[in-house]
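Notes for the one structure printed next.
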Amino acid sequence: MIKMTHEKIRTRFAPSPTGFLHIGGARTALFNWLYTRKSGGTFVLRIEDTDQLRSTDESTRAILDAMTWLGLNWDEGPYFQAEQVAIHRDMVQKLIDEGKAYYCTCSPEELNARRKKALAEGRKPKYDGTCRDKGLRRSPDSVVRFRCPEVGVTVIHDLIKGDISFKNEELDDLILERADGYPTYNFAVVVDDARMEITHVIRGDDHVNNTPKQILIYEALGYEVPLFGHVPMILGSDKARLSKRHGATSVIAYQEMGYLPEALVNYLVRLGWSHGDQEIFTIEELIREFSLEAVGKSAAVFNPEKLLWLNQHYITTCPEEKLLELATPFWVKKGFDVSDRQYVAQAAANLRTRSKTLVEMADSGSFYFREEVDYDPEAAAKFLTPEYAGHLEAVAERISGIADYTKDGLEAFLRSLAEERGTKLKWIAQTLRVALTGRTVSPGIDEVMVILGKERVVRKIRRAIDRIQAGG
RNA sequence: GUCCCCAUCGUCUAGUGGCCUAGGACACUGGCCUUUCACGCCGGUAACCGGGGUUCGACUCCCCGUGGGGACGCCA
């Protein structure tokens, strides 16, 4: 309770703007966000755009949009790393002045050749120190390398994985500043995290091997070393790193496929983190219960089926007004008239228990919006026949006389009609189903009739009868 | 190749030395409900990688092996 300001937690999410927000990145951002919200800290967004060739504004935009969609709001930023080059250069100079870094003129080609040779000979392909003690000065194509300690051990006290130690001799004299004057990732990330006073660095565990080098740089610069938490990777069904081969990996793609952000967040958080046997979490619960200690240490396989299940859960349980908002755009995209909100809301409510995604809902509910029924050939061949035409005629004739035009009233009407006509409800229901929806699969036919309303029902039945009389 | 990490049902996981003849969830599956399809309800199949220790007692601790992942860029 004392020194609150000093203990305030500051985290960051630092994507590089070279593509869309990836599922894995989204989970990392989510863990950072939850950890920060739980502790009342500050969540910083920083765009790592020091790679001038690959960074694009479109990617930055896309990443911001995806985070917003997921509800991962940030408190500071976005900061752009490339805007800090002057500071990065000062820091590099400081290291050179102190003898902690040196200029190197080995060409990329040479380095590549040496790397290949080392690998072929079974050695670790680290920089061989050619320029380390040459005392070179800056030149047009020189780079700056870190003078890495050759003895000693560097240990990471990881919040998720526990202590991890590395022998410094295994580490490399990594490049700090490129020939183009821009800092490399491992240097820029240290300077920026330190300057932004990041207290907890939560990131993917593919960064574990970079961490000892970064710790050494923090120390060389005289900065305080933050706490680290490395979250395990997300794998595809073949246990290989998740990639496009395994299906959609972009967060926005899931939005387009009709997933709810709540579902994706809930799925992602349970991939690696757990809280007893609980599967469904509200955001409030997550903020309350989340902890890095409960994050597992092993990589997790991405399972689209479970995501689908969660999506269905959120579709079936969200409030009706919310559902209307969610579903409408997908029908708009199909070119349907959605001006009657009441009608759209009823259609969506009617379809929610049988839709795993909003796209599925929009597809299976198209009949609600199409005047012309799009008959499934097989279904029409089986039910839109002279044999069943009488059922349709009867319904069309009697429908205006149905006083209790509700689900129950219609069910009673159809049952008595079946009895009257000496058949089973099943045959009348299926025939009606094909006439009204074009398919043999649909929501309960009485519900469909209620939502469609008498006029539409009669029009569709007339059309079906015409079709039968025309001989299919 | 070297270094680092990991290892419970097909998948996500619970489990922190005895409560485990290992629990939940997804998927799969049998049944019920039923105007089709879903939903819902009831039930089922399915796992502690292998070998050594430590201990009265190991899924839980230690070691080795095996398997998987990651890193080894003037990418991040």
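Heavy atoms only: backbone and side chains are in, while hydrogens, waters and symmetry mates are out. Protein chains get the first letters and strands the later ones, always in sequence-line order, with residue 1 at the start of each.
- The P atoms of B:rC9 and B:rU2 are separated by 29 Å, rounded to the nearest whole Å.
- Among the nucleotides B:rA76, B:rG73, B:rG70, the one closest to the side chain of A:Asp51 is B:rA76.
- Cation-pi contact between A:Arg145 and A:Tyr127: present, with separation from the ring centre below 6.0 Å and deviation from the ring axis of at most 45°.
- Using C1' as the reference atom, B:rA22 and B:rA58 are 13 Å apart when rounded to the nearest Å.
- The nucleotide whose nearest atom lies closest to any side-chain atom of A:Asp277 is, among B:rA76, B:rG24, B:rC4, B:rG24.
- Using the six-membered ring where Trp is involved, A:His207 and A:Tyr185 have ring planes that are tilted, between 30° and 60° apart.
- Note on A:Arg433: every side-chain N or O is 4.0 Å or more away from OP1 and OP2 of B:rU35.
- For A:Arg352 and B:rC39, the shortest distance from a side-chain N or O to OP1 or OP2 is not below 4.0 Å.
- Side chains of A:Asp404 and A:Thr406: a donor-acceptor N/O pair is present below 3.5 angstrom, by distance only.
- When the nucleotides B:rU35, B:rA27, B:rG10 are ranked by their closest atom to the side chain of A:Asn303, B:rG10 comes out on top.
- With hydrogens and angles ignored, a donor-acceptor pair under 3.5 angstrom links the side chain of A:Arg354 to the base of B:rC37.
- Nucleic acid contact for A:Ala300: sugar-phosphate only, since backbone atoms but no base atoms lie under 4.0 Å from a heavy atom of the residue.
- Side-chain contact, A:Asp192 with A:Gln81: a donor N or O sits under 3.5 Å from an acceptor N or O.
- Using a 4.0 Å heavy-atom criterion, one finds that A:His207 contacts the bases of the nucleic acid, with or without backbone contacts as well.
- A:Arg54 has no side-chain polar atom (N or O) that falls below the 4.0 Å cut-off from OP1 or OP2 of B:rG73.
- Taking atom C1' on both nucleotides, B:rA27 is separated from B:rG65 by 33 Å, rounded to a whole Å.
- Taking atom P in both B:rC63 and B:rU54, one finds a spacing of 15 Å when rounded to whole Å.
- Straight-line distance between the P atoms of B:rG23 and B:rU45: roughly 11 Å, to the nearest whole Å.
- In this structure, A:Met361 places its CE atom 14 Å from P of B:rC39, rounding to the nearest Å.
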Distances for protein N/O vs nucleotides 41-48 of chain B N/O pairs under 3.5 angstrom?
none

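- Taking only side-chain nitrogens and oxygens, A:Arg145 never comes nearer than 4.0 Å to OP1 or OP2 of B:rG73.
- Residue A:Glu170 is in sugar-phosphate contact alone, with no base atom involved, counting any heavy-atom pair closer than 4.0 Å across all strands shown.
- Using a 4.0 Å heavy-atom criterion, one finds that A:Pro232 contacts no nucleic acid atom at all.
- Looking at heavy-atom distances under 4.0 Å, A:Asn112 makes no contact with the nucleic acid at all.
- Between the side chains of A:Thr28 and A:Arg203, not a single donor N or O lies within less than 3.5 Å of an accepting N or O.
- The shortest distance between side-chain heavy atoms of A:Leu136 and A:Tyr102 does not fall below 4.5 Å.
- If you check every strand for non-hydrogen atoms under 4.0 Å, A:Val208 touches sugar and phosphate atoms only.
- If you take atom C1' in B:rG50 and the same atom in B:rU13, they sit 23 Å apart, rounded to whole Å.
- The side chain of A:Ser442 contributes no N or O atom lying less than 4.0 Å from OP1 or OP2 of B:rU36.
- B:rG24 and B:rC37: their P atoms are spaced 29 Å apart (whole Å).
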Given the rule in the side-chain contact (heavy atoms from CB on, under 4.5 Å) test, do A:Trp74 and A:Leu64 qualify, once you have shown the distances and angles that lead to the verdict? CA-CA 10 Å; A:Trp74 51 95; A:Leu64 264 44; 3.8 Å; yes

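- No contact: A:Gly296 has no heavy atom under 4.0 Å from any strand.
- Here the nucleotide nearest the side chain of A:Pro125, chosen from B:rG1, B:rA38, B:rC74, is B:rG1.
- Residue-level contact check: A:Thr440 touches the bases, meaning some heavy atom is under 4.0 Å from a base atom.
- On the P atoms, B:rC59 is 10 Å away from B:rC49, given to the nearest whole Å.
- At the phosphate of B:rU11, OP1 or OP2 sits under 4.0 Å from a side-chain N or O atom of A:Lys239.
- Within 4.0 Å of A:Thr50, counting heavy atoms only, lie sugar-phosphate atoms of the nucleic acid but no base atom.
- Within the nucleic acid shown, A:Ser16 comes within 4.0 Å of sugar-phosphate atoms alone, with no base atom in reach, counting heavy atoms only.
- Proximity of A:Ile445 to A:Leu414: side-chain heavy atoms (C-beta onward) are separated by under 4.5 Å at one or more points.
- When Watson-Crick and G-U wobble pairs are counted only if both distances are under 3.5 Å, B:rG50 pairs with B:rC64.
- For the 3.5 Å distance criterion, the side chains of A:Arg137 and A:Thr105 fail to qualify, holding no donor opposite an acceptor.
- Between B:rC6, B:rU35, B:rC3, one nucleotide has an atom nearer to the side chain of A:Asp446 than all others, and that is B:rU35.
- Residue A:Lys126 is out of contact with every strand shown, counting any heavy-atom pair closer than 4.0 Å.
- Looking at heavy-atom distances under 4.0 Å, A:Thr18 makes no contact with the nucleic acid at all.
- Counting only N and O atoms by type, the side chains of A:Thr317 and A:Arg352 include no donor and acceptor under 3.5 Å apart.
- A donor-acceptor contact under 3.5 Å is not formed by the side chain of A:Asp205 with the base of B:rG70.
- Using a 4.0 Å heavy-atom distance criterion, A:Leu271 is classed as a sugar-phosphate-only contact.
- Contact annotation for A:Tyr267: no contact, since no heavy-atom pair falls under 4.0 Å across all strands.
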